[in-house]
S.K.: 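Can you keep this structure in mind? I'll have questions shortly.
Reminder, nothing fancy here: chain letters follow the sequence lines and each chain counts from 1. Everything quoted here is computed from the prediction, not taken from an experiment. In what follows, every heavy atom counts, from backbone to side chain, and hydrogens, waters and symmetry copies are set aside.
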2 protein chains.
Amino acid sequence: MTATGAPRTIQDRALRPTTKVLPEHIRLNNRTLVLQTLYRTGLQSRADLARETGLTRVTVSDLISELMGENLVIELGQRQEPRPGKPATLLDINRAAFQIVSLDLSGHTRLRGAVLSLDGAVLSSSGLDLAGARGEAAFDTVAELLAQVIARATAPILGVGIGSPGIVDRAGVVRNAPNLGWRDQPLQARLQGLTGLPVRVVNDANAAVLAEHSFGGADHDLLLVKVGHGVGAGLLIGGRAIFGERFAAGEIGHVVVGTDDGPLCACGKSGCLEAWLSVPRLTKAIHDATAAAATPMDAERAISDILTEAGRRLGIILAPVVGALNLLEIVLSGPPELLDGALSAATVETLRSRTMATETGDLTLRMTAQGEDIVLRGAAVMVLSAQLGVS
Amino acid sequence: MTATGAPRTIQDRALRPTTKVLPEHIRLNNRTLVLQTLYRTGLQSRADLARETGLTRVTVSDLISELMGENLVIELGQRQEPRPGKPATLLDINRAAFQIVSLDLSGHTRLRGAVLSLDGAVLSSSGLDLAGARGEAAFDTVAELLAQVIARATAPILGVGIGSPGIVDRAGVVRNAPNLGWRDQPLQARLQGLTGLPVRVVNDANAAVLAEHSFGGADHDLLLVKVGHGVGAGLLIGGRAIFGERFAAGEIGHVVVGTDDGPLCACGKSGCLEAWLSVPRLTKAIHDATAAAATPMDAERAISDILTEAGRRLGIILAPVVGALNLLEIVLSGPPELLDGALSAATVETLRSRTMATETGDLTLRMTAQGEDIVLRGAAVMVLSAQLGVS
DNA sequence: CATGTTTGTTAGTAAACCTTACGAACGAAA
DNA sequence: TTTCGTTCGTAAGGTTTACTAACAAACATG
């Protein structure tokens, strides 16, 4: 007995549709597809794009003329390679036509800002001391820095991206950021009103993981651990950032590690990851150990022990996450002199020994190559994604 | 300096398009949207559907006539409630027209099968002892059970859903299932060839989490822990199942818990979650404790201690996952006499005490209400989703 | 120099949804 | 009882989209 008349199998595309689709949505999708293809590969002809996207040359031509009308795409002369047939007209995103403004509010004492190119390169950067400002004063400081950075842009600004510490919801409201003294701060809406530019606000670790994905050649499934004054994580699954039911995904700083107590944390619990791993705690421990050491060699060994133990603790926390999500790629962001060595070696070893070897055999853990600009670049990715659908 | 001529903000729909879209894809999306709306609410008129989906009455009528042509939708007379205007013709999914066949291969010794209605109700169930069969013999047993269940269907079969233990990839190949002695077993393709029906094979815990989502009223973000001969998890984020980079997401059974060793596990490590929590280990520990106890009260207390400790261990493993994903809903599946009591109480308490209270204040942990049919029903969800885009 | 190839454009077609309009069927008020 | 307004489902025509087919332009190669 078979299902005669049963419908054909629904494609992935149509699984759980939640909204109606209209013909004009097709246009937007394909327009963005072309733009994205061009953004990623650069320097292609209309015919190349047609082959790559599966659209016809006719449709690509039409979309390109629309994009050229918006000054987003430009022609760059003809291809030089000697080939049979009519020579191709090369196209590219008009990378000089727009710039992106980014802010990184995650520094404990200093806010950073920069103008970036569409490729995520930092063109000029600025900074402003928070000077202990909190609440409305902190907002004013941010607004002042933003105005400074905007003034330094030398091309029309595509949008403003901001990486903020704390819990940030989808609308760019900072639900809770203790360091800045913000609760339910509608940062995105306020700055958008102030500047008239499209603004995107996201959590700093989420911004960082986007940067690593777009510019760091990372895979579609990726966990980034950001170690600074606090410890946070950004998580990407299937190329999409995970925000969590209450927008607090990645908040692993105050998860307790292990079954032996551990140091007391500011939050009141004992053995939080942050109490093991934050930069202040590590530098203090290293400082104390160095002072107490009899010889330089003793100091060296004590430092290595401290970092190894911190790395082990990170591995213990990450192991269940790696196992549950079957992650293969983990990236660390933070001071390399602390993270890039005994610490990360201990983390990866702990991860391997605490999870199924067969599944984590090809697990990689590495430092980000984005350095200190990672949040700025990630915030730029948000703007590219929101304004162009590209990243 | 603002971005004059910058394009409008791209909608969520167009973020990172990966494929071209054609007009016919619109049709499929909207067709499925209508079908899904009807599946979930049932008994609606064309005009109701138009209001709910945002499509026009004209389009809905057209789609409905197509669906009626495939016998997927039927008219059920006119609405009786006295209202002004022409009375509405009520529609519903033709729930009696098709049935679904499901298999649950996750039992350690016994395979289960059932015929289900489109609503996920078990209409008739069968079973077959595995009798230690492994490899090709195990496949033959599965095929035999499948033939039995198919023979008991009383309506055309929409498709076959199978929940298998082990690691199952997107194509329904069982990459590794020790209990069944399978490695790279193309179960889905083979059974599809054998029966001529659409077949879907997924991991048993992933099937379970889908059942909980579709029939258990669970939210879009959900972690289900399935405790049996082994321990596995199914993870749903944003309503989508997570498979992991190597299709091994949810394999938390062999993640080490805590920083004190713990019992030796079959995998060679010490203190794996499975060594604390699996049904064989719990029943044995309880049996031993009961035998050693002087009084019934002592036995009672010893059992409670064992279950509490197991629950605590589960909480320790889940805490980083809950923190990293900001999960609020956790469901347990397995023998209620073991899980539903001291164990789950200890788990939820451990979770609360080891994660940020503010974020996990509304964390809920509960037993599934799906009972032993959870995998069968989840496998049916896979079929509904694949064949109708509905679930 | 003829031939084949590649590019980008023009013209016409098919599919999908929309808007507008209409008859049918009902309740409520005159 | 009749009229009016409402709601339902359908019909006709228009718009948007991408496709196919055909073509001129420009180049390499034999």
S.K.: Report yes if some heavy atom in the side chain of N206(B) is under 4.5 Å from a heavy atom in the side chain of F243(B); otherwise report no.
M.R.: yes
S.K.: Between D48(B) and R79(B), does at least one N-O distance fall below 4.0 Å, as a salt bridge requires?
M.R.: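 Here D48(B) pairs with R79(B) in a salt bridge, since their nearest N and O are under 4.0 Å apart.
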S.K.: Round to the nearest Å and state the distance from I26(A) atom CD1 to dC18(C) atom P.
M.R.: 12 Å
S.K.: Could you give the CG-to-P distance, from L33(B) to dC17(C), as a whole number of Å?
M.R.: 11 Å
S.K.: Return the 5'-most residue of the pair R57(B), R83(A) with respect to DNA chain D, ranking by each residue's nearest nucleotide.
M.R.: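 With R57(B) and R83(A) compared, the 5'-side residue is R57(B).
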S.K.: With respect to the phosphate group of dC17(C), does any side-chain polar atom (N or O) of N30(B) fall under 4.0 Å of OP1 or OP2?
M.R.: yes
S.K.: Would you kindly say whether Q44(A) and T37(A) are connected by a side-chain donor-acceptor distance under 3.5 Å?
M.R.: no
S.K.: With a cut-off of less than 4.0 Å, is there a side-chain N or O of T59(B) near OP1 or OP2 of dC18(C)?
M.R.: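 Answer yes for this pair, as a side-chain N or O of T59(B) is under 4.0 Å from OP1 or OP2.
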S.K.: Rounded to the nearest 0.5 Å, what separates atom CG in L235(B) from atom CG in L325(A)?
M.R.: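 These two atoms lie 6.0 Å from each other.
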S.K.: Nearest whole Å is fine: how far is dA15(C) C1' from R31(B) CZ?
M.R.: 16 Å
S.K.: Salt-bridged, D62(A) to R27(A), with N to O below 4.0 Å?
M.R.: yes
S.K.: Take the protein atom CG of L22(B) and the nucleotide atom P of dC17(C), then report the distance between them rounded to whole Å.
M.R.: 14 Å
S.K.: Looking only at side-chain N and O atoms, does K20(A) come under 4.0 Å of OP1 or OP2 in dC18(C)?
M.R.: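 So the side-chain polar atoms of K20(A) do come within 4.0 Å of the phosphate oxygens OP1 or OP2 of dC18(C), strictly under.
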S.K.: For L55(B) and R46(A), find the nucleotide of DNA chain C closest to each by heavy atoms; which residue's nucleotide sits nearer the 5' end?
M.R.: R46(A)
S.K.: Does V58(A) reach a base, just sugar-phosphate, or nothing at all? Heavy atoms under 4.0 Å.
M.R.: base
S.K.: Quick one: do K20(B) and E52(A) make a salt bridge, cutoff under 4.0 Å?
M.R.: no
S.K.: On the nucleotide dC18(C), are OP1 or OP2 found under 4.0 Å from the side-chain N or O atoms that T56(B) carries?
M.R.: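 Checking T56(B) against dC18(C): at least one side-chain N or O falls below 4.0 Å of OP1 or OP2.
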S.K.: Against D119(B), only a single residue in R377(B), R40(B), R95(B) fulfils salt bridge (Lys or Arg N to Asp or Glu O under 4.0 Å); can you say which?
M.R.: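 Of the listed options, the one satisfying the test is R95(B).
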S.K.: Under 4.0 Å between a side-chain N or O of R79(B) and OP1 or OP2 of dA25(C)?
M.R.: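 Checking dA25(C) against R79(B), no side-chain N or O comes under 4.0 Å of OP1 or OP2.
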S.K.: So where does chain A start and stop touching DNA chain D, 5' to 3', when the test is distance under 4.0 Å to a non-hydrogen atom?
M.R.: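 Listed 5' to 3', the contact boundaries are dT17(D) to dA28(D).
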S.K.: Starting from C1' on dG8(C), measure out to CD1 on I64(A) and report it in whole angstrom.
M.R.: 12 Å
S.K.: Expressed in angstrom and rounded to an integer, what is the separation of Q44(A) atom CD from dT7(C) atom C1'?
M.R.: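 Nearest whole value for this atom pair: 15 Å.
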S.K.: Assuming nearest nucleotide by heavy-atom distance, tell me which of P84(B) and K86(A) is located more 5' along DNA chain D.
M.R.: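 First, find each residue's nearest nucleotide; the 5'-ward one identifies P84(B).
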